[in-house]
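Only one structure is covered here, and it is reproduced in the block below.
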Amino acid sequence: EAGVTQFPSHSVIEKGQTVTLRCDPISGHDNLYWYRRVMGKEIKFLLHFVKESKQDESGMPNNRFLAERTGGTYSTLKVQPAELEDSGVYFCASSLRDGEGHEQYFGPGTRLTVT
Amino acid sequence: GEDVEQSLFLSVREGDSSVINCTYTDSSSTYLYWYKQEPGAGLQLLTYIFSNMDMKQDQRLTVLLNKKDKHLSLRIADTQTGDSAIYFCAERENTGFQKLVFGTGTRLLVSP
């Protein structure tokens with residue numbers, strides 16, 4: 001069974017540009033999460049999809065971040081326009097369901113560098 | 001709000017036991033997790049413990065949970081150089097949402 005995949009693995013952009021990160025969850029997982037780790041600090045939650053619906057977006061830092069999960073399969077996270085403080089590693093995770101199947105499995109992350 | 005704390009660094013010798021500690025603040029946490037991150041890799045789920053348990057053992061890994069003190073630990077027996085990595089503990093709040101709250105991670109260095 002393929003794990004969570006993310007693309008690209010690394011992105012370097014200039015301040016003010018736009019970047020779109022993609023996450024493909026484990027097949028059949030209804031839940032998809034985005035997290036990020038900035039400057040070696042703790043990993044912070046961004047948002048949670050259940051299928052195509054946003055269940056919890058309390059961690060989204062501001063309106064420069066837009067996440068979508070059309071069709072309830074893969075998800076994209078767009079940053080527009082990017083700022084220097086957006087640099088970090090963006091992780092995606094998925095889980096089967098709540099209760100049994102609660103375990104969140106993470107992808108390898110996308111390292112975003114804004115210069 | 002929730003807060004999870006870990007010591008930043010631990011150094012052990014190969015063959016010794018490693019104990020990585022974590023404290024959390026949300027007494028209503030349902031699950032507590034340990035993840036491992038090797039250099040250049042993503043987060044690997046190592047194990048988890050449900051909040052009504054005190055201990056869970058899985059091969060070389062032992063998780064201890066002290067709910068009274070809100071303290072979680074991960075013991076790795078017979079630590080190997082391949083265990084060198086960053087270890088994150090995470091709690092899941094009991095609010096109906098499923099987000100994880102992570103600690104800053106403990107870097108484990110195993111020397112031969």
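Chain naming here is simple, since letters A, B, ... match the order of the sequence lines and numbering starts at 1 in each.
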Q: Treat each ILVMFWY residue as a node, draw an edge where side-chain heavy atoms are under 4.5 Å apart, and state whether A:L66 and A:L32 are in one component.
A: no

Q: State whether the side chain of A:R37 and the backbone N or O of B:T104 hold a donor-acceptor pair below 3.5 Å, judged by distance alone.
A: yes

(Q) Given heavy-atom pairs under 4.5 angstrom as the criterion, report whether the side chain, backbone, both or neither of B:L45 touches chain A. (A) side chain

Q) Should B:V63 and B:V12 be regarded as members of a common hydrophobic cluster, given that ILVMFWY residues are connected when their side-chain heavy atoms come within less than 4.5 Å of each other, either directly or indirectly? A) yes

**Q.** A:F49-A:V4 co-clustered via ILVMFWY side chain contacts under 4.5 Å
**A.** no

Q. Do other residues, nucleotides or ligands put more than 12 heavy atoms under 6.0 Å from the NZ atom of A:K78?
A. no

Q) Is the shortest heavy-atom distance from the side chain of A:I43 to the side chain of B:L43 under 4.5 Å? A) yes

Q) If you count the non-hydrogen atoms of other residues, nucleotides and ligands that lie under 6.0 Å from NZ in A:K51, is the total more than 12? A) no

Q. How far apart are the closest heavy atoms of A:Y35 and B:L100, and which atoms are they?
A. OH-N, 3.0 Å

Q.
Counting heavy-atom pairs closer than 4.5 Å to chain A, which one of B:G103, B:G105, B:G42 comes out on top?
A. B:G42

Q: Flag yes if more than 12 heavy atoms outside B:K67 fall under 6.0 Å of its NZ atom; otherwise flag no.
A: yes

Q) Does A:V38 belong to the same Ile/Leu/Val/Met/Phe/Trp/Tyr cluster as A:F91, with side-chain heavy atoms less than 4.5 Å apart forming each link? A) no

Q | Ring centroid separation A:H102 to B:F50 under 6.0 Å | A | no

Q: Go through the atoms of B:Q37 and report whether side chain, backbone, both or neither lie under 4.5 Å from a heavy atom of chain A.
A: side chain

Q: With the side chain counted from C-beta on, respond yes when B:K99 and A:Y33 share a heavy-atom pair under 4.5 Å apart, and no when they do not.
A: no

Q) Which region of B:F88, side chain (C-beta onward) or backbone (N, CA, C, O), has a non-hydrogen atom less than 4.5 Å from a non-hydrogen atom of chain A, or is it both or neither? A) side chain

Q: Determine, step by step, whether B:F102 and A:F45 satisfy the ring-ring contact (aromatic ring centres under 6.0 Å, His included) criterion, reporting the C-alpha distance in whole Å, the side-chain angles of both residues, the deciding distance to 0.1 Å, and the verdict.
A: CA-CA 9 Å; B:F102 283 86; A:F45 168 82; over 10 Å; no

Q) Do A:L21 and A:V12 share a hydrophobic cluster (ILVMFWY, side-chain heavy atoms under 4.5 Å, transitive)? A) no

Q | Pairwise distance CD(B:Q98) to CG(A:N31) - rounded to 0.5 angstrom | A | 4.5 Å

Q. Pick from A:P108, A:S9, A:G107: which one has the most heavy-atom pairs with chain B under 4.5 Å?
A. A:P108

Q | Side-chain donor/acceptor of B:Y35 to backbone N/O of A:F106, under 3.5 Å | A | no

